[in-house]
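A short worksheet on the structure shown next.
No hydrogens, no waters, no symmetry mates; every other heavy atom, side chains included, goes into these values. Every chain is numbered from 1 and lettered A, B, ... according to where its sequence line falls, protein lines coming before strand lines.
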Protein chains: 2
Amino acid sequence: MASIKDIAKKAGVSISTVSYALNGSPKVTDETCARILAIAKELNYVPNAAARSLKKKESKIIGAFLPDFSGGFYGDLLQGMKGTLIQKGYDLVVCSGPQSHRLLAEKLFDGALILDHTFSDEQLLNFAELGHRLVVLDRELKHPNINHVLLDNKAGASLAMEYLIDLGHRKIYVVTGPEGSYDSKQRMAAVRQTVERNSDVECIEISGDFNRTGGERAGKQIAAEFAGPVAVFCLNDEMAIGMYDYISETDLEMGKDIHIIGFDNIELSEYIRPRLATIDYSKKKWGSLASEQLIKIIEGKPVENERIYVTLVKAESVKPV
Amino acid sequence: MASIKDIAKKAGVSISTVSYALNGSPKVTDETCARILAIAKELNYVPNAAARSLKKKESKIIGAFLPDFSGGFYGDLLQGMKGTLIQKGYDLVVCSGPQSHRLLAEKLFDGALILDHTFSDEQLLNFAELGHRLVVLDRELKHPNINHVLLDNKAGASLAMEYLIDLGHRKIYVVTGPEGSYDSKQRMAAVRQTVERNSDVECIEISGDFNRTGGERAGKQIAAEFAGPVAVFCLNDEMAIGMYDYISETDLEMGKDIHIIGFDNIELSEYIRPRLATIDYSKKKWGSLASEQLIKIIEGKPVENERIYVTLVKAESVKPV
DNA sequence: TTGTACGCGTTATCAC
DNA sequence: GTGATAACGCGTACAA
C-alpha cells in the first residue's frame, strides 16, 4: 500500500507538501501539485482510513444497528438512510449482532442509527455519555447526544382496532411483541385504551415475539379455542404471516373465520391471499429522517424529536362480521 | 474518551505497563494487573479501533458488498456470513453503493465478500494487487488474493429448462439478467445448450434486468404476442414476481396460459399463488462457505474454488402442456 | 513555497 | 516486572 511517504520520496518533496497538494491547499505550486497528483494516481494512492480517523477524530462513516438481516423489513429503511447520508458526505455500514456492539464502542463511526432491542437503554446512555452520537428508532431516551425518531405507534394501533370494531368485530385477539419492546408497549397501550372506550369488546392478549413462530403459536391457540368468527390484531406483519401459515393448514379460513390485521405493511403482506390488512408508513422516510437528525447532532445543530405518521391499509383479510 | 494514557496516569505506571496488563501479558504482577484493570473499567476504557488497526494493520472486520439492501434475497446470505465470521473472531459490516467502495480502498477491512456487479473486474483485480483479500460470489477472477464461491448456474438452468421440456412445453421464453451479469451469462449458456439438444423447442430470449420491472416488461411483451400456452424461464425470481404482477392484470392465467419458473427461491416465491417453481440453493451455506474461504486467504491457508449446488423446486406455476 | 516536528492511541522492542 | 521510546500514516502549526 502506497503511503504519503512513498509519494514524497518519488516526487522528491517532503510529506507535508504531498499532504498539502492532496488536500488542495493553495500553499503549493500548481505545477508541483499536478506532479504530485499524477504520482499519487500512478501509485494507486488511497489515504489510510485508520490513520485519518485517528488524527481527525472522525471517520465519515455512520453505523446502522439492526437485530438481524432477515426479512423484507429493513430494505427500504436502509435505502432511506443511505440516500440522505451519502448526500451529506457520509457512508453507511450496517451491523448486526451483539458482537458488533464493539464497533460502536471503539468509535469506528461518527454516529449510529439504532433499531436494535439487543442494546439496553443503559448501554446506549453510557455510549452517549462517552460522546457517541446516536439516533434511536425503537425507544425514547433523554440525552443531549441522543435523538429519537419514532413511529406513531398509538395512532397505528388505534386505527387497526377501530377498523376491526367498525366492521362489527367484538371478540378480538391481540398478539403482542416480545417483552420489553417499546413498539409493542406503545401499541398495547393504545389497544387497551380503545378497548376501554368500547365496553362491548372482548380483548384477549396473547404474547408473541414479532417473529413468524410467535404468530404460528398464537394461531394454534386461537384455532384450539375457536368457537365462531374472531378478529386478530397481530402487532406486526411478520407474526400475521406466521398465523396465515398455521391457519392455512387447518379447516379455518382467513377473512371468514379469522379476520386478521397486521402492522408494518411489509412486502409479503401485499402478495399473500387474502391480502393482509395492515398499518402502513414510509420506511424510507423513516430512515431518511433519522439520518438527517443524526447529522444535525454531529454538526451541533438543534434537533427535535420527530414522529413518523401511519395509515390504515384495508384489505380482504378483514371482512365485516 | 479515556485512553491508555489516562489509565497510566491514574495508576501511576507507564503506558507500556498498562498495555501489557490489558493484553494479559504474564510479565506484570497480578496485583498491578488487577489494579490497572479496575481503573480501566472505572474509566470506561475501550481500545480505539483506528489506533489499533493503524498499528496492527488489521481490523478484525470483514466487509460484505451488495448492490442494494432490498428484497428478501440477502437476508439468509448475510446470516450465513455472520455466523461463521463471528466464530472466527471477525465482525461483519454490510456496505452498498458506489460511495462505499471507498471503505474497501482505505483498508478499513481485513477482507471483503463481493456480490456486487457495480464493481468492475479491473477494480477488484486492482484491489487484490494492492493486497486486499477478496472472495467474489458473482464472477470468476484469477488472482492469489481472490477466491470465488459460485452457484452451479449451469446445473440450475439446465434443471429448469428440462423441467419445462419434460412437461411438454415447446415454446419457451427466457428472460435474461442485465448485460454483463456473470450469473445471467452462465445460465444463458446452459439454456442454449439445452435448446440445442432439443431441436423441437422454440426458445425466445427477452432481455431483463433481474428486477421486478424487467419481469413486468417481459410479461407485457409475452401477453402481446400471446397465441396459446407458453412457458417462461425467468432467470431470477424477482423478475418472475414482476411478471406475475403484470399477468394478474390481464386475462391470462398463471400455470395455465403462462407457465413460469424462476431462479433463487426467494421467500416471496413460496407465498405467491400459484406457488412459483424455481431453482433452490442454500443462501446461508453460500455465505458461510464464502466467509470460510476468505478467512483462509487472510490466514494464508490454501483454498479451493467452491461451488454451491442447486435443486429444482416443482410447483403449480408450471403444469403439463 | 517547502520542510521540520509533533501529536493522534496503540503496540512492540528494547533497556533497566 | 517495568518504563522509555519508536513506529504505524496522516494532518498541521510553525519555521525556513
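When B:V94, B:V136, B:L85 are each tested for a side-chain contact (heavy atoms from CB on, under 4.5 Å) with B:L113, only one passes: B:L85.
Legend: ring-ring contact (aromatic ring centres under 6.0 Å, His included) pairs involving residues 132-152 of chain A, not counting sequence neighbours, sorted by first then second residue: A:F127-A:H132.
In this view, B:K185 satisfies the side chain to side chain donor-acceptor pair (under 3.5 Å) rule with no residue, not counting sequence neighbours. Under the side chain to side chain donor-acceptor pair (under 3.5 Å) criterion, B:Y281 pairs with B:D264, sequence neighbours left out.
Between B:F69 and B:Y74, the gap from one ring centroid to the other reaches at least 6.0 Å.
A salt bridge does not link A:D110 to A:R133: none of the charged side-chain nitrogens sits closer than 4.0 Å to a carboxylate oxygen. Using a 4.0 Å cut-off between charged side-chain N and carboxylate O, B:E58 and B:R52 make no salt bridge. Salt-bridge check for B:R35 with B:E31: failed, with every basic side-chain N at 4.0 Å or more from each acidic carboxylate O.
Shown here is B:E299, whose CD atom has more than 12 heavy atoms of other residues, nucleotides or ligands within 6.0 Å.
For DNA chain C, the span of nucleotides reached by chain B at under 4.0 Å from its heavy atoms goes, 5' to 3', from C:dC8 to C:dC14.
A perpendicular orientation is assigned to the rings of B:W286 and B:F73, their planes being inclined by more than 60° (bins at 30° and 60°).
Across its full length, the helix from C:dT1-D:dA16 to C:dC16-D:dG1 shows an angle of 50° between the axes of its 5 terminal pairs at either end, rounded to 10 degrees.
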Heavy-atom protein contacts under 4.0 Å, nucleotides 9-16 of chain D, coded B base, S sugar-phosphate only, - none: BSBBBB--

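Phosphate contact (OP1/OP2 of D:dC8, side-chain N/O of B:S53, threshold under 4.0 Å): absent.
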